[in-house]
Amino acid sequence: MNFLARNAACATVRAVPRGSRKFATDATGGDYFAKRQAIQEHAQASTELWRKISYYVAFPSIVVCMAWVYNQHEKELHGGKLPEAPAYEYLNRRVKPFPWGNNSLFFNAEVNKDMEEEE
């Protein structure tokens with residue numbers, strides 16, 4: 001009798017939740033599709049952000065660093081000074097003098113040729 005009662009109890013327990021069970025292939029999807037869409041939108045926004053950072057920050061930084069290293073290398077080859085620029089007649093041509101002198105307003109003695117010395 002104990003055997004029959006136990007089997008009957010197990011059968012009724014197994015039969016009750018069958019109608020209320022939710023399957024993964026539920027057509028409504030519930031919250032799953034909304035979460036999936038949010039993840040895709042976040043991934044697109046994040047991809048665009050890092051693409052812009054790469055194009056507008058990383059690549060120009062690499063170019064600036066390459067120019068700086070090349071300039072330092074040229075200085076090292078010529079004893080700590082940049083090589084002398086060729087004296088072409090069309091470079092630094094002054095038809096009318098500047099009010100502040102022959103040098104440009106942004107004159108730097110380490111980089112630019114001093115035009116005051118030529119006179």
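The analysis underlying the following values was restricted to heavy atoms, covering all of them including side chains, and did not include hydrogens, waters or symmetry mates.
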Grab the two heavy atoms, one from Gly101 and one from Phe98, that are nearest each other, plus how far apart they are.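 Heavy atoms of Gly101 and Phe98 come nearest at O-CB, 3.0 Å.
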To the nearest 0.5 angstrom, please state how far the CZ atom of Arg51 sits from the CD atom of Glu48. 4.5 Å
Just how far is it from atom OG1 of Thr47 to atom NE2 of His42, taken to the nearest 0.5 Å?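 One gets 9.0 Å once the value is rounded to the nearest 0.5 Å.
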Is the backbone of Val57 close enough, under 3.5 Å, to the side chain of Ser61 for a donor and an acceptor to pair up by distance? yes
Are Tyr55 and Trp50 connected in a single hydrophobic cluster, I mean Ile/Leu/Val/Met/Phe/Trp/Tyr linked by side-chain heavy atoms less than 4.5 Å apart?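 Different clusters: Trp50 never reaches Tyr55 through Ile, Leu, Val, Met, Phe, Trp or Tyr contacts under 4.5 Å.
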Could you pull out all residues at least two apart from Glu41 that satisfy salt bridge (Lys or Arg N to Asp or Glu O under 4.0 Å)? none
Give a yes or no on this: more than 12 heavy atoms of other residues, nucleotides or ligands lie within 6.0 Å of atom CH2 of Trp100. yes
